[in-house]
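Before any comments, here is the structure.
Naming convention: chains lettered A, B, ... in sequence-line order (proteins, then strands); numbering from 1 in each chain.
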Number of protein chains: 6
Amino acid sequence: MKVVVSIGGSVLVPELGTDRVAEHAAVVEDLVADGCRVGAVVGGGGVAREYIGAARDLGANEIELDQLGIDVTRLNARLLIAALGGDSVTAPAKDYEEAGEALQRGGISVMGGVAPAQTTDAVGAALAEYVDADLLVYATSVPGVYSDDPNENAEATKYDRLSAADLVDVIAGLEMNAGASAPVDLLAAKIIQRSGMRTIVLDGTDPDRISRAVRYGEHDGTDVIP
Amino acid sequence: MKVVVSIGGSVLVPELGTDRVAEHAAVVEDLVADGCRVGAVVGGGGVAREYIGAARDLGANEIELDQLGIDVTRLNARLLIAALGGDSVTAPAKDYEEAGEALQRGGISVMGGVAPAQTTDAVGAALAEYVDADLLVYATSVPGVYSDDPNENAEATKYDRLSAADLVDVIAGLEMNAGASAPVDLLAAKIIQRSGMRTIVLDGTDPDRISRAVRYGEHDGTDVIP
Amino acid sequence: MKVVVSIGGSVLVPELGTDRVAEHAAVVEDLVADGCRVGAVVGGGGVAREYIGAARDLGANEIELDQLGIDVTRLNARLLIAALGGDSVTAPAKDYEEAGEALQRGGISVMGGVAPAQTTDAVGAALAEYVDADLLVYATSVPGVYSDDPNENAEATKYDRLSAADLVDVIAGLEMNAGASAPVDLLAAKIIQRSGMRTIVLDGTDPDRISRAVRYGEHDGTDVIP
Amino acid sequence: MKVVVSIGGSVLVPELGTDRVAEHAAVVEDLVADGCRVGAVVGGGGVAREYIGAARDLGANEIELDQLGIDVTRLNARLLIAALGGDSVTAPAKDYEEAGEALQRGGISVMGGVAPAQTTDAVGAALAEYVDADLLVYATSVPGVYSDDPNENAEATKYDRLSAADLVDVIAGLEMNAGASAPVDLLAAKIIQRSGMRTIVLDGTDPDRISRAVRYGEHDGTDVIP
Amino acid sequence: MKVVVSIGGSVLVPELGTDRVAEHAAVVEDLVADGCRVGAVVGGGGVAREYIGAARDLGANEIELDQLGIDVTRLNARLLIAALGGDSVTAPAKDYEEAGEALQRGGISVMGGVAPAQTTDAVGAALAEYVDADLLVYATSVPGVYSDDPNENAEATKYDRLSAADLVDVIAGLEMNAGASAPVDLLAAKIIQRSGMRTIVLDGTDPDRISRAVRYGEHDGTDVIP
Amino acid sequence: MKVVVSIGGSVLVPELGTDRVAEHAAVVEDLVADGCRVGAVVGGGGVAREYIGAARDLGANEIELDQLGIDVTRLNARLLIAALGGDSVTAPAKDYEEAGEALQRGGISVMGGVAPAQTTDAVGAALAEYVDADLLVYATSVPGVYSDDPNENAEATKYDRLSAADLVDVIAGLEMNAGASAPVDLLAAKIIQRSGMRTIVLDGTDPDRISRAVRYGEHDGTDVIP
C-alpha cells in the first residue's frame, strides 16, 4: 500500500519541540514496518509564520515570502528525518521525481514545499497523484472538513464523507469567505478530484489517528470519496 | 518601467513556425530599447497538447504530464530567445530568482513553467509580483476577459475594465463551468488581486497590441484595476 | 546481460503518437523481465526537426539548435518513461553517471542527448561503453548498414556483417557524400571500434526485431563484429 | 573598498523581528552608496539553536545538526535580503564563487553557512580572503576580544588591539576552556592570521558601530593587526 | 560494521601510478565482501601540492587554492573508483548526504574534499560522524600519533593508545609548532572527540594494515579511545 | 571583436609551472584591455595523460577516462583564472551557456571540457560558434596545419592558408593514419566548416603569437578561410 501523509506545520511543530515529531516519525516507521510505502509532506507552521511576518514587514513580496516558507518546511522535514532511523532518508526531496525515487528505493520519502504560490496541501495531493498513492491523509489541526470554519461559526457541521466534487465546492466556498480557514486548499481539492484518490482529512494532533486510519480505515475525520 | 508579458503558447506558436515568434521578439526588443525591463513568460501551446495527449494515453499521471508541459514551455522559451538578439539572454530562467537576476543584469528574462500543478498564467503573475512589475500583460488568444466563454456563449460580453476582485469572481465562475475556458486561471487572478498589480488581458495574436498597450495604455482588451 | 538500445527519434515517434512508444516500452520491459539490464537512448525525430528548423530561421546558431534538439530528445525520453511501468524510472538521466546509477538500481535507464555537437547515436555508443554493455543495438529507420545510402543509390548493398574498422570506413565515406545519410554517425562508429562492443544495426520500426535480436541474435540487419 | 561583515545570528535576529535586520540592511546600503562593496555573512542565532536542540533530542548527529544550522543561516540571509532594496541581491550565495560573482555584479552579496563543521565566523574570514577584502568586521554580541569570557570572568580585559598571532593564541586558550565562549572561532582566527587581513571585532547590537568602524576606523571593539 | 577510511593523498598516490590505488581498492572490496559498509575519503597528495604551488605563484588566494585542492582530491577519488568494480560507485560523492545515500544503496562511497578551509582529515571524521560509523581509520604516511613530529624530533614517541581528549591536546600542540606536521588536523581531532568514535591512525602505505586493523583490531598504529 | 582561444594543455602547462600560464593570462588581459571579448578553452596536457594512463591501467573505460580528462582541463582552467586578475572570472564555465553569460558580463570566460567523447578542440570551435566569434585561434604545440604529421613525416608541408573544406579533408586523412597526430580534431574541423568562422592555427608555445595574430592578423601558422 502506498500512502501520502500531509502533516500540517502546526500539527508537527506546534512549537519547536520533539514529542510531536517523534510520534509522527514512529507512525511513519510503523506503517513502513507493516509493508506500506510512505511519502510524508511537511508544512511550515509557527516558525514559517514568524519568518514570513518579519520579512513582510521588511518589504518582501509574496513570492519571496513563499520562498522563505518553503525553506522552513524543509527545515521541518529535516526534523522529521532526524526522528526517523538514520538509514531511511538522508535529506528532504526537492521535487516529485526525487521523492518518487526515494520511495522506490527505501520506502520512505520526506519533503516540504516545492514552488512559490503553492501550499504543502497541494504538494501532498500532487505527490499522491505522482506516485499513484492508494490513500492520501491530511493530518490537520481541525478534525475534518466542515461546512464552515468551526472556529468562526459554531454551527459548522463536520462531513463524515464527501464526494471529491463536493469537497471542491465546500473549499471554494470557504476560500471566498476571507475570515475562514479551510483544512486543505482549493488546488489540493481539485487535484484530489481529478485524480480520483481516496482521501482522509483528520485531526493529526494525535498521530495514532493516522496509523489507525491507514491500517483499519477507522477515524473521526472526513472521508473524501473519489 | 518593468513589464511582465505572459504569452500563451497558442499565441506564440500556433503552429511551429517563426513569424509569430519573430514579431513577439521584436516587440520585446523595442520595449527594451525604450527603456523597459521585460520579463517574458511563455506557454506550451499545440506541441504541449500533443505530447501531453500521447503521454496520457501511455499512462502518465497528471503530474508527469505537467512536467512534460513545462519542458515544452521551455522549448518555446528557447525559440523566443533565438529570435532575440544573441547578447540578451542565453537560456530560459528556471525559477523566479534566475529570472530576477537576468532582468537586473540584461533587462530581459525569458521563462516557461516552473512547477507541476501551476500554469504559465500563474507563473506570469508570480514573476510580475516577484520583480515588482509596473504592468502585467496577458497576450492570449481571446481579446480580453468575458462574462462567459465567448466561444461557448454568443452573449458573453467583454469587460473593458474590471477590479481584481471581480476578475477573481469571473474566473472562479468560469472554472466551475467545465466546458468554458478562461483567459487566465484562478491562481493567476488571485495573485493579481493580492499584489495589486495593474494588468491587461489582450489579444496577442497581433503582437503590436502588446507594444501599444505598454507604451500608450491603448488596447481593446480588458484592464484589471488593482 | 547488459544491452543499450539506441532508438532513433523517427523510429520512436514518427509522428507524435503512442503506438510505437508503447511497443518499444513493451520490448524494454520484456527484456528486463528476462533478466537483462537495458539502457535506452532516444533521439529527436520530427519534432526536433521542426523546432530546429524554426529556430534556425529565427537566427539561432548550430549550438543553440543542438541544445533545442537535446531538449526534444529528453521530451521523447519522458514519453518512453511514461509507457514503462511507473516504478522503473522517474526521469531521463542527464549524463552517463546518472544513467549508470539508474541501471544499477532498477535495471532500466532512459536518456536523450547529452551535449551539443554530439548525436544520440554517439550517446548510445558512449553509454554502452560506459556501462560495459554486452550488446549495443541501433533501432533505425533503415534495415542495416549499406554500402551507400539506399534511398539515394538503388545499388547500395546491405552488409550482413562488418568489422568495426570497416564500419568506420563505410560511415566516413558516407559522411563525405553530402547527400547521403548514414544509419549511425562517425563518432558512434569510432566508439564502437575502440570499445570492441558487439553491435547490431536493424530496422526498429518493428520493435519486436529488437527483442529477437537481443534474445536469439536473430535479425535482418547488420552485425558489427568487434 | 571591499568589506566583509560577519553578523552573528544573535546580533541580527536576537528574536525573530525586523528592527535589527532593517538597521543592518541600512548600514550595508549606506556603505554601498559610499562606494564600498559589501559581503555580508549571517549567522543562525536563536532559531538555529532551537531547531538544533530539537533535532539533537530526536537523535540527529552533529553533521545533521550543522546542516540544519546552515539552513537557518540561509533563512536569516533571506531576511537581510528582504530588507535590502529589491534590485541588489536575489538569493543567498551558496558558496564563495557565487558570492564573489554577486559582489562583482551588484556590489553586495549575502550568504550564510557553507558546509558542516564550519561556523559562519570561519565563512566570514574565508569570504574576506576569497574576495581580497580590505577589511573584515565581526559584528558580535560582545564588544570585542577579551582575555577571557567576560560573562564568566569579571576580570577579563578587552584588547583594544591585538596581532593576528595573538588572536589565535587567545582564541585557542578560550576554546580549551569548555565553559567559555569566544567572539570568533579558532578557524576564523587562523584564516585571519594567514591572510593578513585587517579585522575589527565589535559590538554589533548597534549596527551604526559597523558603519563608523568601516568609514572612519572608529570603534570601541578590538583591532586585529595583520 | 560501518567503517570510514581516510586515505591520505600521499598514501594513495605517492606518485601518479596504479599499484597503491589497486591495493587500496582491493582492501575496500574485501571489507565489503566481508559485510562491511565502507566510506572512503581520499586526499590530494603530490598533484594537489603541485597545482597549489603553481596557482599560489600566479596569485591565487588560499580559498582558491583550497578549491583547486578539492578538485584534485576528487580526481584521486575517481582513480579509486576506477579500481573498484564498475558496479559499485559511479562518481565521487559531493557532500555527506550523497555519500550516505551511496553507502545505503551499494555499501561503498568514495569522496574527496567538501569545502574550502577544511582538510580531508576533517571530512573523514565528519563522514564517520554523519553515517554513525563504528570505526574511523586514518591511513597516513606516518605510523601513528606521536608526541612530536617524528621527522623533526628523533625523540618523538608514538602513542599506542590515547584518549580523544589527549589527541586534541597533542594535535593542538603540534599545530602551534609551525615546523611540525600532524597525522590528522585539529578539526578532525575535535570531531573525533565530540562524536566518541573509535579511531585508529596507522601507516597506510601498506594497505593490508587497514584490512587487519578493521577485521581483527590488529595494528601498529595508535588507538584513539572515545 | 569576439575571439575564442583554444589553448592546448601541453601548451599551457607543458609541466606544472607558472610561466606559460602567466604569459597566456597576460595575452588574454591585453586583448580585453584592447576591447576584445575573449573566451579561453583550456586542454588537459601532461597531467591529464598521467591520470588517464593510471585509470586505464586500473580498468576504467574510455568514458570514465574522458571524465577524468575533463576534470583536469577544469583544473588547468582554474590555473589560468588564478593568473587573470581576481575580478574577471571566478570559476570555469561548465557549459556554453555559462560561458556565454560570463562573456557578456565581464568580457572573459574560461572553460575546459564539456562532455565525454569530445575534445577541447571541439569545445573551442563550439564555443566560437555559440558566441558568434569573429575569430577562433588554436594555440597548439605545432606551428600550423600540415599535409601530414611533421613529427612523423619530414616531408610534411605546412599550409599557410586553407579552405575549411580542405581542413576537413586534411584532418580526416590524418585521423585515418593511426600514428599521426593532428593539430585539431575532425569534429572541430567540421564545426569550423559549417559555421564559416575565420580560424587560425598557430604555435602557442610563445603566447605573444596569439596576441599578434588577433590584433594584426600576423602569424606564421595556418589561416583557415571560411
- Identify which part of E:Y130 has an atom lying under 4.5 Å from any heavy atom of chain D, answering side chain, backbone, both or neither.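 For E:Y130, the contact with chain D is made by backbone and side chain together.
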- Contact origin within E:A126 toward chain D - heavy atom pairs under 4.5 Å: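 For E:A126, backbone and side chain are both near chain D.
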- Given E:A125, E:A115, E:P116, the one with more heavy-atom pairs under 4.5 angstrom with chain D than any other is E:P116
Closer than 3.5 angstrom, by distance alone: can the side chain of [X] be matched with the main-chain N or O of [Y] as a donor-acceptor pair?
{"X": "E:T140", "Y": "E:Y138", "result": "no"}
{"X": "E:D148", "Y": "E:A156", "result": "no"}
{"X": "D:T222", "Y": "D:V145", "result": "yes"}

- Item | Atom CZ of D:R215: over 12 foreign heavy atoms under 6.0 Å | yes
Portion of [X] that has a non-hydrogen atom of chain E nearer than 4.5 angstrom:
{"X": "D:A172", "value": "side chain"}
{"X": "D:L186", "value": "side chain"}
{"X": "D:D95", "value": "neither"}

- Do E:D223 and E:D160 have side chains that get closer than 4.5 Å, going by heavy atoms? no
